[in-house]
Every structure is written in structure tokens, then in C-alpha cells.
Amino acid sequence: MVPMSGGAVASQPEGLLDGGVWFRVEEPGTASAVRRAAERLAADLAMPEKRVADLSIVAAEAAGNLVKHADQGTILVRAVRAADQAGVELIAVDSGPGMADVDRAIGDGHSTAGTLGIGLGAILRQASRWDLHSVPGRGTVLVVQVWPGVAPEPSWAAGLTRPLTGESVSGDACAVREIDGRRQMLVSDGLGHGGLAAAASHEAVRVFREAPAVPPAQMVELLHRALGHTRGAALAVAEADRESAVIRYAGLGNISGTVLAPDGSRRGMVSMPGIAGHQRRQVREYDYPLAPGAIVLMHSDGVVDRWNAADSPGLLIRTPAVIAATVLRDAGTRRDDAGVLVARFS
């Protein structure tokens with residue numbers, strides 16, 4: 001991932017999804033850079049010309065709306081991958097006035113008080129899949145995917161990372177996997193910042209994805225042994241046991257985990273002190289109730305814990321990507337790498 005700018009896409013695997021590029025969208029030139037970056041990424045993924053053209057419309061409209069109407073507008077451009085195809089995902093985030101009437105904006109493309117009204121209908125017509133959440137006075141998050149063929153089934157999880165301002169890569173990484181019926185999640189925060197922190201987290205992701213099917217505590221032990229040659233990382237692993245209706249969780253260091261129940265209640269999950277690869281006490285695994293429809297939220301210490309779902313009515317019924325982007329917008333700090341991973345278990 002590169003800093004928020006108008007630079008070219010430097011696509012690289014970063015765990016859950018390709019890391020992509022964040023753009024701060026404040027001027028028309030940057031909006032054009034977003035469109036060009038999306039087109040180049042689509043071409044690199046060998047998407048058909050028709051879908052590249054559709055993506056170009058999506059990127060131009062989304063970025064253009066941020067320039068015209070947004071406060072602190074940003075867009076993430078990244079690849080998304082399924083078993084047999086790859087597409088492009090755009091995540092547009094702002095802290096603007098929000099939209100009072102989302103249905104009207106979607107229906108006729110008319111600009112209400114929101115930041116994404118003009119052209120919203122055009123964006124959604126070209127998209128393979130989309131989701132949107134907007135709250136007056138707080139802003140809008142729009143997630144759009146353009147796939148070359150029929151869009152795959154929606155993912156049960158989504159992760160986002162963003163580097164410390166001024167850094168070219170993020171030391172945080174997210175990953176998920178399904179193996180032998182297990183749905184497992186990883187968040188890693190490489191010690192410090194920059195390339196060495198990113199290398200530690202990338203190694204954690206590699207080991208996590210290649211490891212045998214083991215419970216979270218054993219996975220953390222594997223990661224601890226594997227990261228000895230790196231700077232080390234704070235990390236945590238969670239696994240949903242849907243038959244027993246529990247989430248199993250084990251961590252080392254300052255990774256926060258929370259279970260958000262459909263009724264609005266929240267339960268924090270416990271990580272042990274330590275640095276994977278260097279310092280650890282005995283790794284312990286804890287079980288927490290997992291109600292149907294619960295959201296599991298994990299994040300690095302670049303995201304503050306004061307985030308409150310009640311400030312964004314209706315957010316928890318949105319897709320994991322929209323939830324993750326909203327949390328990153330509202331609680332992510334610019335003074336540190338930030339990583340958020342969200343999963344929904346029905």
C-alpha cells in the first residue's frame with residue numbers, strides 16, 4: 001500500500017485482499033488519478049474492455065462526487081479475488097453532510113444534502129455488487145465491486161489497513177481463511193512502522209494461510225515461532241464455532257477484539273501481553289458467546305476503542321466492508337498504522 005496520494009497502484013497481496021492504494025480526493029486532478037489507477041489495475045487483472053469501461057465510470061463518478069461535495073474524502077482502490085476471477089473494489093469514504101434520502105439518490109441520481117448523490121445511480125448501474133451507509137452529519141461510506149463475470153457470493157468478512165501518514169506501507173495486515181469447516185481470522189500489527197513492520201505482518205499472514213487446521217491458541221504458538229527472524233508483531237486469531245455458538249480467541253499484544261450482538265450489546269475479548277516472535281507468556285484461548293447475526297470486530301491499536309455503533313444507526317446490518325470502512329473513518333488514527341477486520345456469523 002502507498003500513502004494517500006495520486007500515485008499509481010502498487011498492488012500487492014496483503015492477507016485478506018490486495019492492499020491497494022488509498023487516495024485523498026480533494027482536487028479534480030486526484031479524481032482523475034483514481035480513475036486511471038482503477039483502469040490500470042483492471043487491465044493488469046485482464047478484465048474485459050467492457051467491464052474496464054464500466055469501472056472507469058464508477059471510479060470517475062465516485063471520485064468526482066468527493067471532490068464536489070465531500071469533507072475529508074478518501075477512496076481505496078484494490079483488487080478482489082475469487083477462485084476463478086479477479087475484480088476491482090472501490091471504497092469511498094467521507095465525513096461530509098451525509099444523505100438524508102438515500103433511496104431518492106439511488107433512484108434518480110439527484111444530489112440531496114449528501115456527498116455521493118450526483119451520479120450515484122450511474123455508479124450502481126455499472127457495479128456487480130455495492131453497499132452504502134450514510135448518516136446525516138456524519139458522512140457516507142460506499143463500497144462498489146466490479147467483476148468481469150458473475151459476481152461471487154458475498155464474503156463473510158472484510159479487512160482494511162491504512163498506513164501511518166507519511167509511510168509507504170502499512171505494518172498492519174488482516175487475513176481470513178476457511179479450512180476443514182473452520183472460519184478463522186487474523187489481525188497482525190508489526191512492531192513499529194514501515195517496511196520491517198510490514199514484513200513481520202506479511203510473514204504472519206503467510207504462515208496463517210499455509211498452516212494446518214488448528215485452534216486459535218495453537219495458531220498463535222505457530223506464529224510466535226515463525227516470527228522469530230522478524231521484528232515481531234502483536235497479533236490475534238479468532239475462530240467461529242457456529243455449532244457451539246461461540247467465538248474462540250487467542251492473542252499476543254495489543255490487538256482488540258469485540259463481539260457485537262444484534263441487540264447492540266458488546267463483549268470485549270482478551271489478548272495476553274507479549275510480542276509474537278520475541279516475548280510471550282503462556283498463550284491462552286477464551287470462548288465467548290456468539291449469537292446468530294453477531295458481528296466480530298478486530299483491530300490494531302491504530303484504531304481507538306471509543307468507537308460506538310450507536311453513533312451510526314443501521315450500520316451493523318450493512319456488509320462487513322462498509323462496517324470496517326466506517327470504523328476506520330471514525331476511530332482510526334493518522335498517528336499509527338491502522339487495521340480493521342469485520343466478520344458476520346449467521
Side-chain angles (χ1 to χ4, degrees), residues 70-74 76 91-106 112-117 130-143 154-162 172 174 185 187 236 238 240 245-247 249 251 254-271 286 288-336 338-346:
D71 295 330
Q72 302 176 27
T74 59
L76 175 65
I91 302 181
V93 182
D94 73 71
S95 301
M99 284 185 280
D101 191 343
V102 173
D103 289 340
R104 183 184 179 199
I106 293 172
T112 64
T115 59
L116 294 172
W130 62 272
D131 192 26
L132 180 150
H133 185 257
S134 189
V135 177
R138 295 190 65 85
T140 300
V141 172
L142 171 68
V143 177
S155 176
W156 53 274
L160 294 174
T161 61
R162 186 181 65 197
D172 291 357
C174 305
M185 312 161 58
V187 171
V246 298
I247 187 83
Y249 187 87
N254 197 13
I255 301 295
S256 296
T258 305
V259 181
L260 300 167
D263 63 6
S265 62
R266 55 189 295 164
R267 176 76 177 269
M269 299 187 288
V270 176
S271 289
Y286 298 90
Y288 301 92
L290 186 65
I295 299 293
V296 175
L297 171 66
M298 298 169 64
H299 62 80
S300 69
D301 63 358
V303 177
V304 297
D305 284 325
R306 67 172 178 264
W307 178 80
N308 186 352
D311 293 334
S312 298
L315 176 64
L316 295 185
I317 65 172
R318 308 317 313 177
T319 58
V322 166
I323 298 171
T326 302
V327 173
L328 190 61
R329 179 195 66 189
D330 294 345
T333 174
R334 298 293 183 181
R335 300 182 302 275
D336 197 358
V340 181
L341 179 57
V342 174
R344 171 178 282 111
F345 302 102
S346 57

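Counting only residues at least two apart or in different chains, salt bridge (Lys or Arg N to Asp or Glu O under 4.0 Å) contacts with residues 288-304 are absent. Residue pairs meeting the salt bridge (Lys or Arg N to Asp or Glu O under 4.0 Å) criterion with at least one partner in residues 316-332, sequence neighbours excluded, are D131-R318, R138-D330.
Under the side chain to side chain contact (heavy atoms under 4.5 Å, CB included) criterion, A261 pairs with D263, S265, not counting sequence neighbours. Applying the ring pair (Phe, Tyr, Trp, His ring centres under 6.0 Å) rule to F345 yields the partners W156; only residues at least two apart in sequence or on another chain are considered. Under the side chain to side chain contact (heavy atoms under 4.5 Å, CB included) criterion, A236 pairs with Y249, I255, S271, M298, not counting sequence neighbours.
Rounding to the nearest 0.5 Å places CG of D336 at 10.0 Å from CZ of R162. Here the CG-CG distance, from L160 to L76, works out to 6.5 Å after rounding to the nearest 0.5 Å.
Counting all heavy atoms, side chain and backbone alike, L315 lies closest to W307 at CD2-CZ2, 3.6 Å. Contact record, V141 with A325: CG1-CB, 3.6 Å, taken as the closest heavy-atom pair. Nearest approach of A294 to L290, heavy atoms of both residues: CB-CD1, 3.7 Å. The heavy-atom pair separating A158 from A324 by the smallest distance is O-CB, 4.2 Å. Here the closest heavy-atom approach between residue A338 and residue G302 is recorded as CB-O, 3.7 Å.
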Step by step, work out the side-chain contact (heavy atoms from CB on, under 4.5 Å) result for W130 and T319.
-> CA-CA 9 Å; W130 62 272; T319 58; over 6 Å; no

Start with the C-alpha gap between M269 and T258, add the side-chain angles, then the distance that decides, and say whether side-chain contact (heavy atoms from CB on, under 4.5 Å) holds.
-> CA-CA 6 Å; M269 299 187 288; T258 305; 5.9 Å; no

Output, in order, the C-alpha distance, side-chain angles, deciding distance and verdict of side-chain contact (heavy atoms from CB on, under 4.5 Å) for V259 and I295.
-> CA-CA 6 Å; V259 181; I295 299 293; over 6 Å; no

Residue pair R344, I323: steps toward the side-chain contact (heavy atoms from CB on, under 4.5 Å) verdict = CA-CA 10 Å; R344 171 178 282 111; I323 298 171; 4.0 Å; yes

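Within the 4.5 Å cutoff, side-chain heavy atoms of H133 are placed close to those of S312. Within the 4.5 Å cutoff, the side chain of T161 has heavy atoms near those of the C174 side chain. No side-chain heavy atom of V322 sits less than 4.5 Å from a side-chain heavy atom of L132. Residues L316 and L260 have side chains in contact (heavy-atom distance under 4.5 Å, counting atoms from C-beta outward).
D305 and H299 share a donor-acceptor pair across their side chains, judged by distance under 3.5 Å alone. Side-chain atoms of D172 and S300 form a donor-acceptor pair, as typed in the model, at a separation below 3.5 Å.
Side-chain atoms of S134 do not come within 3.5 Å of backbone N or O of T140 as any donor-acceptor pair.
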